[in-house]
2 protein chains.
Amino acid sequence: MGEAAVGARPRSRGVHKHVQVREYVRELIGGAEPGTPAPSERELVQQFGVARMTVRQALDALVAEGLLERIPGRGTFVAHHRVDQVPRLQGFTEEMGRRGMTPTSRTLLARLEAAGPGVARALDINLGEPVVHWQRLRFADSAPMCVQDVYCASELVPGLLEALPESLYAELERRDLEPTWGEDSVDAGVAGEQEAKLLGVAVGHPVLRVARRTFSDKRPVEVSRSTYRADRFTMWVPLTRIPQPRA
Amino acid sequence: MGEAAVGARPRSRGVHKHVQVREYVRELIGGAEPGTPAPSERELVQQFGVARMTVRQALDALVAEGLLERIPGRGTFVAHHRVDQVPRLQGFTEEMGRRGMTPTSRTLLARLEAAGPGVARALDINLGEPVVHWQRLRFADSAPMCVQDVYCASELVPGLLEALPESLYAELERRDLEPTWGEDSVDAGVAGEQEAKLLGVAVGHPVLRVARRTFSDKRPVEVSRSTYRADRFTMWVPLTRIPQPRA
DNA sequence: TAGTGGTCTAGACCACGAA
DNA sequence: TCGTGGTCTAGACCACTAA
């Protein structure tokens, strides 16, 4: 019964038990083959001396991430189609790394600008406030892949222009501005003269345009426009069926 | 204590309690404004005579769907940015409806064919097995939006060709083949002669191409290729940040 | 038959927000 | 101070799988 309940730890003084269990299991199955059994729930209960609900909470998170899959009556296993069940918010560096390609970049432009109407609205700042505008030509395995324009409120990222990182997202994490969610708007277009020259294609070559906003908690931290060579880049989106509202 | 535990109901003989609570709440907040308070967890415990964990399980699902948001110390509310946190698997009919447009279609082709290599692999059937091939020109508010080719294993959908539905997904649900998940591969292209004529654009006009596979549980039920007019259609993809593996 | 995950109970303490 | 969600306990029965 609840008589022995301990209650939640203060966030600042200790890590929650379900987080401990979750990170332990994440580490454990880090490089494991799909299909490898994870520890059973009752095993983890023994090891950590916690209740089963706590273990389930930990495993639920890993299942939601697509790292584990449960098979009733059999056990919990490293997920087979290890693909994400949810589209990950990743930067170019991370995404190309995950595709097994080597990302590199050439900075075309990096300066302070006054926020125009679109950028100001997207970043939720006032018109004309200073923003960092960083334009890069990005390569995968040395071949041009996309042209990317990134904008951040300059106030949020002091000194960024003086020491441009390779991965913006990694840098934002270091600054405690870790992006936690975002949204892409994807459409198609054809390369203009400038884009064509940079990407190494003919004018009129099809391109995939991705407009992104990312947020750290509720605050917008970055907006970007990326133009990909359609012949080199396909976007992959996992979908989940959710009961439709009564028509 | 566990003394009064009731255990799980057989799936066929009754709906689980957390599902009952979830659907009750879903109904309740159906058309509500963002920010409207949902019943508190303890209220639902009273109403349904269930344990709080059961109520939390129900609400967890709605939060994951992006329908509700929890604010510690305040309560549970209809989510503000009611946008999905996960991309929904929806058919054209459903998606256009959600965008407030009226979907219509013109069937260009509907017949049995022998599965070619690509379709056979995607549907996980043998080369040459009969498949339904259904090609439609799809309109939103009477304007051409996309050309769509759908393929299903004919064995799975007997009689489909004799009574073509308006919404394939709704029809699959009726046949107990409800798609539960899927994946889109998205890239850009330019309209060919045939596509241009159908979509009412010039040859070379940019188009968004979406290749989709959908699954009912583990079995592939449908593959499709859709070609959208890029000037009328933008794909929106919500993204979630997941801790990156140690570099 | 033993073990697994799925569901469920009836409590508990905590931190936080609003009054 | 009171109500809320967040965390946690120590059990229970069920359906299913594999030996």
Side-chain angles (χ1 to χ4, degrees), chain A residues 1-23 25 29 35-64 67-80 217, chain B residues 1-23 25 29 35-64 67-79 217-218:
Chain A
M1 49 163 74
E3 167 244 287
V6 176
R9 272 68 179 170
R11 274 175 211 168
S12 40
R13 284 196 293 149
V15 178
H16 289 136
K17 292 188 179 180
H18 73 265
V19 174
Q20 291 177 35
V21 176
R22 169 177 24 106
E23 295 310 316
V25 175
I29 62 168
T36 306
S40 81
E41 297 180 355
R42 287 159 178 91
E43 257 178 85
L44 291 167
V45 165
Q46 289 291 319
Q47 272 185 51
F48 283 85
V50 297
R52 192 165 153 227
M53 285 306 304
T54 305
V55 167
R56 285 185 62 79
Q57 191 179 0
L59 298 185
D60 278 345
L62 297 173
V63 169
L67 216 60
L68 292 180
E69 60 184 337
R70 298 200 229 243
I71 305 182
R74 291 193 50 209
T76 304
F77 304 87
V78 175
H80 263 102
D217 200 10
Chain B
M1 50 167 79
E3 167 246 288
V6 177
R9 270 67 178 174
R11 274 174 211 171
S12 39
R13 283 195 295 149
V15 178
H16 290 135
K17 292 187 178 178
H18 74 266
V19 174
Q20 290 177 35
V21 177
R22 167 172 32 102
E23 295 311 316
V25 175
I29 62 169
T36 306
S40 81
E41 297 179 355
R42 286 160 179 89
E43 256 178 86
L44 291 167
V45 166
Q46 289 291 318
Q47 272 186 49
F48 283 85
V50 298
R52 194 168 152 224
M53 287 304 305
T54 306
V55 167
R56 285 185 62 78
Q57 190 179 1
L59 297 186
D60 279 345
L62 296 174
V63 169
L67 216 62
L68 292 180
E69 61 184 335
R70 296 201 231 245
I71 305 182
R74 290 193 51 209
T76 305
F77 304 86
V78 175
D217 200 10
K218 300 249 166 180

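Chain naming here is simple, since letters A, B, ... match the order of the sequence lines and numbering starts at 1 in each.
For DNA chain C, the neighbouring residues in residues 44-64 of chain A, judged by any heavy atom under 4.0 Å, are A/Arg52, A/Met53, A/Arg56.
A/Gln20 places a side-chain N or O within 3.5 Å of a backbone atom of A/Val15 that can act as its donor or acceptor partner.
An OP1 or OP2 oxygen of D/dG6 is reached within less than 4.0 angstrom by no side-chain nitrogen or oxygen of A/His16.
Every residue two or more places apart in sequence or in another chain was checked for a side-chain hydrogen bond (donor to acceptor under 3.5 Å, both in side chains) with B/Glu43, and none qualifies.
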Show me, pair by pair, the donor-acceptor contacts under 3.5 angstrom made by side chains of residues 54-63 of chain A, not counting sequence neighbours?
unit_1, atom_1, unit_2, atom_2, d
A/Arg56, NH1, A/Glu41, OE1, 3.4
A/Arg56, NH1, A/Glu41, OE2, 2.9
A/Asp60, OD1, A/Arg70, NH2, 2.0

Using nucleotides 1-4 of chain C, report all nitrogen or oxygen pairs with the protein that are shorter than 3.5 Å.
unit_1, atom_1, unit_2, atom_2, d
C/dG3, N2, A/Gly73, O, 2.9
C/dT4, OP1, A/Ser40, OG, 3.2
C/dT4, O2, A/Gly73, N, 3.4

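Rounded to a whole Å, the NZ atom of A/Lys17 is 19 Å from the P atom of D/dG6. Rounded to a whole Å, the CD atom of B/Glu69 is 16 Å from the C1' atom of D/dG6. We find that CG of B/Leu68 is positioned 15 Å from C1' of D/dT4, with the value rounded to whole Å. Between the CZ atom of A/Arg22 and the P atom of D/dG6 there is a distance of 15 Å, given to the nearest Å.
Taking NE2 of A/His16 as the reference point, atom CZ of A/Arg22 lies at 11.0 Å (rounded to 0.5 Å).
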Check the pair B/His18, B/Val21 against side chain to side chain contact (heavy atoms under 4.5 Å, CB included), reporting the backbone distance first and the verdict last.
-> CA-CA 5 Å; B/His18 74 266; B/Val21 177; 5.7 Å; no
Tell me, with the steps shown, if A/Val25 and A/Leu44 meet side chain to side chain contact (heavy atoms under 4.5 Å, CB included).
-> CA-CA 9 Å; A/Val25 175; A/Leu44 291 167; 3.9 Å; yes
Show the numbers, then the answer: is there a side chain to side chain contact (heavy atoms under 4.5 Å, CB included) between A/Phe77 and A/Ile71?
-> CA-CA 8 Å; A/Phe77 304 87; A/Ile71 305 182; 3.9 Å; yes
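Applying the salt bridge (charged side-chain N to carboxylate O under 4.0 Å, His left out) test to pairs two or more places apart or on separate chains, none has a residue in residues 71-80 of chain A.
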